Amino acid sequence: MPGPGRTRPAGLIPHLYSQAMAVDEKETGFVKDIRKQSADFPGWYNDVVRKAQLADYSPVRGCMVIRPYGYAIWENIRDPLDALIKQTGHENWYFPALIPLSFLMKEAEHVEGFQPEFAMVTRGGGKDLEEPLVLRPTSETMIASVLRDYIQSYRDLPVLTNQWNNVFRWELRTRLFLRTLEFLWQEGHTFHETAAEAEEEVARMLDVYRQIAEDWCAVPVLAGRKSDTEKFAGAQYSTSIEGMMIDGKALQMGTSHYFGENFTRAYDLTFTGRNNERQYPHSTSWGMTTRMVGAVVMAHGDDSGMQLPPRIAPVQVIIVPIFRSDTERTQIENALVGVKEELKDIRVKVDWREERPGFKFNEWELKGVPIRLEIGPRDLAKGEATMVRRLDRSKRTVPLQELSLAIPAMLEEVQLALFKRARDFREQHTVRLDSLEALVKFFESSIGFVITPWCGREEDERTVKDRTTATTRVILSGSAGPDTPCAVCGRPATVEVSWGKSY
RNA sequence: CGGGGCGUAGCGCAGCCUGGUUAGCGCGCCUGCUUUGGGAGCAGGAGGCCGCGGGUUCGAAUCCCGCCGCCCCGACCA
């Protein structure tokens with residue numbers, strides 16, 4: 001399914017970098033503000049998120065402050081996702097953040113899954129409330145309770161809702177963007193006449209998430225159904241997209257659930273069908289969160305900091321002016337008028353701060369800006385700018401009049417290169433194995449994903465988790481080939497499943 | 001909740017063991033000058049309820065008791 005971001009200016013200056021200048025080795029390894037990625041990945045991640053000013057700790061334990069640069073990245077993910085959600089026929093709603101406890105208690109499995117994570121309001125107006133209100137951990141119960149009144153007939157279906165909001169889950173261990181007590185997301189909730197329609201919806205929205213992850217965030221994903229132990233509380237089944245981070249761990253980046261009649265029965269939401277009989281709609285829900293920002297950091301970063309895919313980079317081109325005198329400064333200012341006109345469709349920023357160029361180079365690299373343009377007296381004398389890309393620090397000069405072609409082409413090239421690099425990394429760290437011993441041995445000495453035939457039994461997941469800490473990620477295929485034994489227990493395998501250590 | 005660590009300037013820390021002038025260092029911040037093609041240099045300056053409460057003492061950041069908070073590691077999760 002070609003997403004809106006799939007168009008590429010194919011033939012535009014194809015091999016721009018074949019003549020790239022060699023990278024001076026002395027120019028690497030400058031970052032002293034952040035821990036080494038290879039030595040301490042969690043420490044590196046934390047340093048990058050904070051030093052790049054994406055987010056910071058807040059006065060409240062487990063809650064974060066998203067700073068403008070981090071929020072801008074989220075907006076650049078959110079906006080295309082919102083567009084795709086609307087293109088697929090959904091409408092945005094807003095439902096209350098406070099949910100009566102009794103609503104949440106109605107669906108047994110759902111309650112069991114979420115109750116430990118409830119944050120509850122028990123007082124208001126100076127009095128104890130008659131019924132506690134739960135800060136929404138998700139809105140299935142509220143939405144089912146409300147739509148009960150709006151859905152009467154099969155003619156009212158499908159109802160395709162979405163809402164952008166914040167949710168609360170009282171997590172024990174938190175990490176910036178990856179797991180916080182409060183986070184931002186969208187939650188889609190849909191109601192359908194038939195199971196088939198609902199299941200199509202689940203698959204459709206999972207593919208929307210795949211597009212956002214792959215085409216916009218340049219993070220390749222495995223997409224598929226979750227095992228029963230890993231599914232959402234209350235779902236008949238869940239699907240997810242899973243990306244591999246640079247430490248080889250899996251990160252779940254979006255989920256899409258099929259509920260069947262579970263929720264509509266629990267909330268007595270019915271419609272009169274074509275046969276004039278009362279029926280329960282089949283419902284779905286699906287969500288993608290601010291965790292995506294963390295995924296981008298961990299999928300593309302290096303020892304110098306972030307590397308942002310151009311499509312979601314708040315600043316796509318950073319211009320660093322270099323000058324010694326007021327005269328030179330004025331000359332550059334004048335030249336930049338034309339440059340900005342050439343790049344009027346690009347997110348460009350000029351860094352005029354009173355810092356030395358070298359400082360700015362390092363800082364914008366930490367912030368992951370895809371392209372840097374250096375413009376100084378030497379460049380101006382030749383009517384050029386020096387273009388350096390974050391991807392590999394390769395450097396070349398570009399005539400100022402050619403920037404309007406060269407920059408978009410380079411942005412597109414970088415977008416694809418990041419995706420390809422991440423995909424190659426994942427493929428290099430994915431193996432197919434067919435025995436428990438091989439699986440255990442793999443996770444003792446390696447990182448990454450393992451794909452095995454599997455019979456689907458929960459006991460096997462427990463066995464593998466006990467011995468490796470790895471869990472099933474997604475089921476990749478509904479069949480494992482005839483006469484294939486399960487890698488864990490030897491019983492006949494029914495599926496192919498991916499295993500990985502996860503966040 | 002179990003185990004470990006830490007609360008001293010915006011951030012990172014030293015000082016505490018062995019109580020005693022005005023609580024110190026690095027980074028950052030402010031001012032000025034010189035600098036500017038890969039994290040500048042010099043000079044000057046501002047900034048502190050030493051987590052909170054109690055005790056011991058002539059005297060507490062330092063010793064004792066209690067409390068609070070945060071971070072890291074083990075059972076849950078987008």
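A, B, ... follow the sequence lines: proteins, then strands. Residue 1 opens every chain. This is a predicted model, so every value here is computed, not measured.
- Using bins of under 30°, 30° to 60° and over 60° for the plane-to-plane angle, the ring pair A/Phe263/A/Tyr267 lands in the parallel bin.
- Put simply, CZ on A/Arg50 is 15 Å from C1' on B/G28, counting in whole angstrom units.
- In this structure, A/Phe114 has its ring center under 6.0 Å from that of A/Phe232.
- For A/Leu172, the side-chain atoms get nearest to B/A75 when compared with the rest of B/G37, B/A78, B/A75.
- Comparing B/C73 with B/G66, their P atoms are spaced 28 Å from each other, to the whole Å.
- Rounded to an integer number of Å, the gap from A/Arg462 CZ to B/A75 C1' is 14 Å.
- Between A/Tyr237 and A/Tyr258, the angle of the ring planes lies from 30° to 60°, which puts this pair in the tilted group.
- One finds a side-chain N or O of A/Arg173 lying less than 4.0 angstrom from the OP1 or OP2 phosphate oxygen of B/C73.
- The side chain of A/Arg378 has B/G37 as its nearest neighbour among B/G37, B/A78, B/G38.
- If you check distances only, the side chain of A/Arg372 does reach the base of B/G38 with a donor-acceptor pair under 3.5 Å.
- With P as the reference atom, B/G24 and B/G15 are 16 Å apart, rounded to whole Å.
- The listed nucleotides are B/A78, B/U36, B/G38; the one nearest the side chain of A/Phe232 is B/A78.
- When distances run from any side-chain atom of A/Glu117 to the nucleotides B/G39, B/C77, B/U36, the shortest one goes to B/C77.
- When the nucleotides B/G38, B/C77, B/C76 are ranked by their closest atom to the side chain of A/Arg393, B/G38 comes out on top.
- Side chains of A/Thr471 and A/Lys226 form no contact here, defined as non-hydrogen atoms less than 4.5 Å apart.
- When the C1' atom is used for both B/U8 and B/C52, the distance is 14 Å, rounded to whole Å.
- Across all strands shown, B/U57 forms no Watson-Crick or G-U wobble pair with both key distances under 3.5 Å.
- Between A/Phe359 and B/G38, no base-stacking contact is recorded for ring centres under 5.5 Å apart and planes less than 30° from parallel.
- Residue contacts shown for A/Thr255 are limited to sugar-phosphate atoms, with no base heavy atom under 4.0 Å away.
- Each of A/Glu363 and A/Ser325 was matched to the nucleotide of RNA chain B holding its nearest heavy atom; the match closer to the 5' end belongs to A/Ser325.
- Distances were taken from every side-chain heavy atom of A/Pro357 (C-beta onward) to each of B/G37, B/A78, B/G39; the shortest belongs to B/G37.
- In terms of polar N and O atoms assigned as donor or acceptor, the side chain of A/Glu355 never comes within less than 3.5 Å of the base of B/G39 in a complementary pairing.
- Pair assignment for B/G2 gives B/C73, based on Watson-Crick or G-U wobble hydrogen-bonding distances that are each under 3.5 Å.
- Toward the 5′ end of RNA chain B lies the nearest nucleotide of A/Phe361, the other residue of the pair A/Phe361 and A/Lys231 mapping further downstream.
- Under the Watson-Crick or G-U wobble criterion, with both distances below 3.5 Å, B/A43 is paired with B/U31.
- Distance, A/Glu374 CD to B/G37 P: 10 Å, rounded to whole Å.
- Across all strands shown, nothing is found opposite B/C16 as a Watson-Crick or G-U wobble partner with both distances under 3.5 Å.
- Looking at heavy-atom distances under 4.0 Å, A/Leu251 makes no contact with the nucleic acid at all.
- With hydrogens and angles ignored, no donor-acceptor pair closer than 3.5 Å exists between the side chain of A/Arg324 and the base of B/U35.
- When the side-chain nitrogen and oxygen atoms of A/Arg356 are compared with OP1 and OP2 of B/A40, one or more of them lie within a distance under 4.0 Å.
- Within 4.0 Å of A/Gly376, counting heavy atoms only, lies at least one base atom of the nucleic acid.
- Across all strands shown, the partner of B/G7 is B/C68, judged by Watson-Crick or G-U wobble contacts whose two distances both fall under 3.5 Å.
- Computed from coordinates, the A/Glu384 CD to B/G37 P distance equals 19 Å when rounded to whole Å.
- Relative orientation of the A/Trp286 and A/His90 rings is perpendicular, given thresholds of 30° and 60° on the angle between their planes.
- Residue A/Thr386 is in base contact, counting any heavy-atom pair closer than 4.0 Å across all strands shown.
- Spacing between atom OH of A/Tyr57 and atom C1' of B/G69 amounts to 15 Å, rounded to whole angstrom units.
- With both ends at atom C1', the span from B/G5 to B/G44 equals 40 Å, rounded to whole Å.
- Just one of A/Arg353, A/Gln53, A/Lys51 meets the side chain to side chain donor-acceptor pair (under 3.5 Å) condition when paired with A/Glu363; it is A/Arg353.
- Under the Watson-Crick and G-U wobble criteria, each requiring two contacts below 3.5 Å, nucleotide B/U62 is left unpaired.
- Here A/Asp466 does not pair with A/Arg462 in a salt bridge; the nearest charged N to carboxylate O distance is not below 4.0 Å.
- Side-chain contact check for A/Asp247 versus A/Met298: every heavy-atom pair is 4.5 Å or farther apart.
- For the P atom pair drawn from B/U18 and B/C63, the interatomic distance equals 9 Å after rounding to whole Å.
- With C1' as the reference atom, B/C25 and B/C64 are 30 Å apart, rounded to whole Å.
- Between the side chain of A/Arg179 and the base of B/C77 there is at least one donor-acceptor pair of N/O atoms closer than 3.5 Å.
- Here the side chain of A/Arg61 is nearest to one of B/C70, B/A78, B/G39, namely B/C70.
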